[in-house]
Amino acid sequence: MSMIAAFYGGKSILITGATGFLGKVLIEKLCRTSPDLKVIYILVRPKAGHTLQQRVSQIINTKLFEKVREVCPNLHEKIRAISADLNQNDFAISKEDMQELLSCTNIIFHCAATVRFDDHLRHAVQLNVTATQQLLFMASQMPKLEAFIHISTAFSNCNLKHIDEVIYPCSVEPKKIIDSMEWWDDAIVDEIAPKLMGDWPNTYTYTKALGEMVVQQESGNLNIAIIRPSIVGATWQEPFPGWVDNLNGPNGMIVAAGRGFLRAIRASPLAVADLIPVDTVINLTLAVGWYTAVHRPKSTLIYHCTSGNLNPCNWGKMGCQVLSTFEKIPFEKAFRRPHADFTANTITVHYWNAVSHRAPAMIYDIYLWLTGRKPRMTKLMNRLLRTISMLEYFINRSWEWSTYNTEMLMSELSPEDQRIFNFDVRQLNWLEYIENYVLGVKKYLLKEDMAGIPEAKQHLRRLRNIYYLFNTVFFLIAWRLLIARSQIARNVWFFIVSFCYKFLSYFRASSTLKA
Ligand SMILES: CCCCCCCCCCCCCCCCCCCCCCCC(=O)SCCNC(=O)CCNC(=O)[C@H](O)C(C)(C)COP(=O)(O)OP(=O)(O)OC[C@H]1O[C@@H](n2cnc3c(N)ncnc32)[C@H](O)[C@@H]1OP(=O)(O)O
Ligand SMILES: NC(=O)C1=CN([C@@H]2O[C@H](COP(=O)(O)OP(=O)(O)OC[C@H]3O[C@@H](n4cnc5c(N)ncnc54)[C@H](OP(=O)(O)O)[C@@H]3O)[C@@H](O)[C@H]2O)C=CC1
């Protein structure tokens, strides 16, 4: 019998960020392995045109929940959506709902965050810091609470090279920043943001670091643990390989490369690609929830959920495997044939951006304009290049994360729990994982049918022919213009023609002699 699965039986669990990427996989695994849990409260913000129940139904009626719908037929009753906005005071939760949450909750998984790199500092502080503070305050009023699990990121200290499982202080106290946000107007925030952020590359990583400090400072008597995943990718094994549903992190790059928009990127091929499958993160999260509640460690433990030090893979190897998968299972409606160059040289990057990204986009837009359609490719390309510029920081550096706590936890699990809640990334076969990842992007994110593969391959062959034709015509025109203007080019041309003529004459003469 799994100790972890049994632990969650009969429990009331509160999840924030349940409608997000990690949140969905968390609910799925919890309901599948502990179908006898009492209730999962999820804090969901209302969205225009969708009731809360519709938002829940949209999630649990997807393929991700196919298996769990069999194990737990009353899934709808297990999930109780509570209207809440983490940006509001008391999360705008009704009095009755708040009363129920305070009196019943046993475990909290805090996943909600803004993961946008370019969010305004005010908004990022509100969600990643102030909301965490408020949730901790709520938690302190919950008499039945056994554990509070906070999901952070391994990049909350990306300004350091070696990162231990400890909380590193930021130069300005989070409480001061929270207070200042009350009276600073946006102009002041904009001016002061770079100074506050120092060597953090974006508001996301900076506010996640502040969030960790808040957790440490406000922990009081609570049983708290922090999980720091690195770059979270598609599922590895569960409930099936390759599931992914958003464009964050590498997903958008895989789409852009597979559709032929992205052909070169400034990246160090030897830098470690610290990807971690989302099901691995969730298995660790559930194991940490159990361990924190049952063993009640004296201090807040931090768990790195990373792959680099246990089973490293670099961006070069990953990129090659992505490309070779495109050959077997190409994406539909490609703009150009997938091709990739990783380069660390800035001049080469500018060259590729001009020749491989902007020029084809402009030529295509001219074609759209000439055929009476609205040009859109240049705009799309600019947006892609902007996205890449934000991700570049993470693909040109390597970090070392120590994983003592994570390894300690692994050794504490029974063999059955190690199997059911497997977070041992040493068992991951990268080539197989990446192939399933690309397949998953095609099936679950782009919603493409596998039956369309022959047509997609045919389309790529057409693109190849257009490419050869375009290059030949371009070369001939360029050469013709050069010959017209330059005596040297004319001499070279006559030399080549006379050389070919002599070679052919010699070849013909020798074959006549042999006959
Ligand atoms: C040539 C080389 C290729 C090699 C072969 C293949 C390569 C594949 C292998 C891997 C390549 C290397 C890529 C590695 C990337 C590494 C990422 C590392 C990140 C680590 C960070 C730490 C992890 C975390 O803790 S948090 C999770 C990460 N968070 C994010 O990723 C969020 C990032 N996103 C943002 O910050 C914003 O969305 C931003 C700034 C990128 C764009 O903002 P903007 O306001 O311009 O647009 P949106 O309103 O957000 O969206 C508009 C539009 O664009 C679509 N879109 C959004 N993001 C992407 C994307 N990444 N790619 C493509 N399209 C995207 C979005 O859906 C919208 O579409 P609509 O149709 O308009 O709705
Ligand atoms: N994805 C990754 O690569 C990594 C993620 N992490 C961490 O994991 C956690 C989950 O990330 P991920 O699932 O990818 O993020 P998503 O962006 O997919 O999900 C974010 C969740 O937060 C919710 N949320 C945002 N704003 C509010 C609000 N004002 N009120 C209520 N809910 C809100 C969203 O709800 P809604 O559906 O309404 O928008 C959504 O459910 C985050 O803490 C992140 O920092 C850490 C490392 C890597």
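First listed ligand is number 1; within each ligand, the first listed atom is number 1. No hydrogens, no waters, no symmetry mates; every other heavy atom, side chains included, goes into these values.
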Enquirer: First locate atom CG of Leu127, then atom CG of Asp119, and finally report the distance between them rounded to the nearest 0.5 Å.
Expert: 8.0 Å
Enquirer: What class does the angle between the rings of Trp401 and His304 fall in, given that below 30° is parallel, 30 to 60° is tilted and above 60° is perpendicular?
Expert: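 Ring orientation of Trp401 relative to His304: perpendicular.
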Enquirer: Over 60° means perpendicular and under 30° means parallel, so tell me whether Tyr204 and Phe117 are parallel, tilted or perpendicular.
Expert: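 Judged by the thresholds at 30° and 60°, the geometry between Tyr204 and Phe117 is tilted.
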Enquirer: Using 30° and 60° as the class limits, which term best fits the ring planes of Phe394 and Phe155: parallel, tilted or perpendicular?
Expert: perpendicular
Enquirer: Taking the six-membered ring where the residue is Trp, are the ring centres of Trp430 and Tyr437 under 6.0 Å apart?
Expert: no
Enquirer: Before signing off on this row, confirm whether Leu86 and ligand 2 have an N or O atom pair separated by under 3.5 Å.
Expert: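 Indeed, backbone or side chain, Leu86 has an N or O that close.
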Enquirer: Look only at interatomic distance and state if Arg45 has a nitrogen or oxygen under 3.5 Å from any nitrogen or oxygen of ligand 2.
Expert: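 The answer is yes, given that Arg45 and ligand 2 share an N or O pair closer than 3.5 Å.
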Enquirer: Which of the atoms of ligand 2 are close to Ile151, meaning less than 4.0 Å from one of its heavy atoms?
Expert: 7 (C), 8 (O), 9 (C), 43 (O)
Enquirer: Taking distance alone, with no angle check, do Leu22 and ligand 2 share an N/O pair under 3.5 Å?
Expert: yes
Enquirer: Could you tell me, atom by atom, which parts of ligand 2 come under 4.0 Å of a heavy atom of Phe21?
Expert: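 With Phe21 as reference, the close atoms of ligand 2 come out as 13 (O), 14 (O), 18 (O).
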Enquirer: So, are Asp245 and Lys63 salt-bridged, with charged N and O less than 4.0 Å apart?
Expert: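 Salt bridge: no.
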Enquirer: Can you sort out which atoms of ligand 2 are near Asn87, meaning under 4.0 Å from one of its heavy atoms?
Expert: 29 (N)
Enquirer: Would Pro229 count as a contact of ligand 2 if the rule is a heavy atom under 4.0 Å away?
Expert: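 The answer is yes: ligand 2 sits under 4.0 Å from a heavy atom of Pro229.
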Enquirer: May I ask you to check whether Val232 has an N/O atom sitting below 3.5 Å from an N/O atom of ligand 2?
Expert: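 Checking ligand 2 against Val232, an N or O pair does fall under 3.5 Å apart.
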Enquirer: Using non-hydrogen atoms of the residue, decide whether Phe155 is closer than 4.0 angstrom to ligand 2.
Expert: no
Enquirer: Could you state the interatomic distance from CD1 (Ile15) to NZ (Lys24), rounded to the nearest 0.5 Å?
Expert: 13.0 Å
Enquirer: At what distance, to the nearest 0.5 angstrom, does CE of Met181 lie from CG of Leu121?
Expert: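 Going from CE on Met181 over to CG on Leu121, the span is 4.0 Å.
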Enquirer: Taking Ser307 as the fixed residue, which of Asp274, Thr280, Thr403 is the one that meets the side chain to side chain donor-acceptor pair (under 3.5 Å) rule?
Expert: Asp274
Enquirer: Does any donor atom in the side chain of Asp164 or Ser402 lie under 3.5 Å from an acceptor atom in the other side chain?
Expert: yes
Enquirer: Between Phe109 and Tyr8, how do the two ring planes meet: parallel, tilted or perpendicular, split at 30° and 60°?
Expert: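 Because their plane-to-plane angle lies in the 30° to 60° range, the rings of Phe109 and Tyr8 count as tilted.
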Enquirer: Got an N/O contact under 3.5 Å between Ser230 and ligand 2?
Expert: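 For ligand 2, there is no N or O atom that lies under 3.5 Å from one belonging to Ser230.
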Enquirer: Measure the distances from the heavy atoms of Lys47 to every atom of ligand 2 and state whether one is below 4.0 angstrom.
Expert: yes
Enquirer: Any ion pair linking Asp186 and Arg122 (charged N to carboxylate O, less than 4.0 Å)?
Expert: yes
Enquirer: As a check for students: among Ala112, Ser156, Gly20, Ser152, identify the option with a heavy atom nearest to atom 46 (C) of ligand 2.
Expert: Ser152
Enquirer: Which of the atoms of ligand 2 are close to Arg55, meaning less than 4.0 Å from one of its heavy atoms?
Expert: 36 (P), 37 (O), 38 (O)
Enquirer: Show the atoms of ligand 2 that are less than 4.0 angstrom away from any heavy atom in Thr153.
Expert: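 By the 4.0 Å cutoff, the relevant atoms are 46 (C), 47 (C).
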Enquirer: For Ala113, take its heavy atoms, then give the atoms of ligand 2 lying under 4.0 Å from any of them.
Expert: 20 (C), 22 (O), 25 (C), 42 (C), 43 (O), 45 (O)
Enquirer: Show the atoms of ligand 2 that are less than 4.0 angstrom away from any heavy atom in Lys208.
Expert: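 Listed by number with element: 42 (C), 43 (O), 44 (C), 45 (O).
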Enquirer: Between Tyr204 and ligand 2, which part of the residue brings a heavy atom under 4.0 Å of the ligand: side chain, backbone, both or neither?
Expert: side chain
Enquirer: Please work out, at 4.0 Å between heavy atoms, whether the side chain, the backbone, both, or neither of Val44 comes within that distance of ligand 2.
Expert: neither
Enquirer: Show me which atoms of ligand 2 lie under 4.0 Å from any heavy atom of Cys111.
Expert: 9 (C), 10 (C), 42 (C), 43 (O)
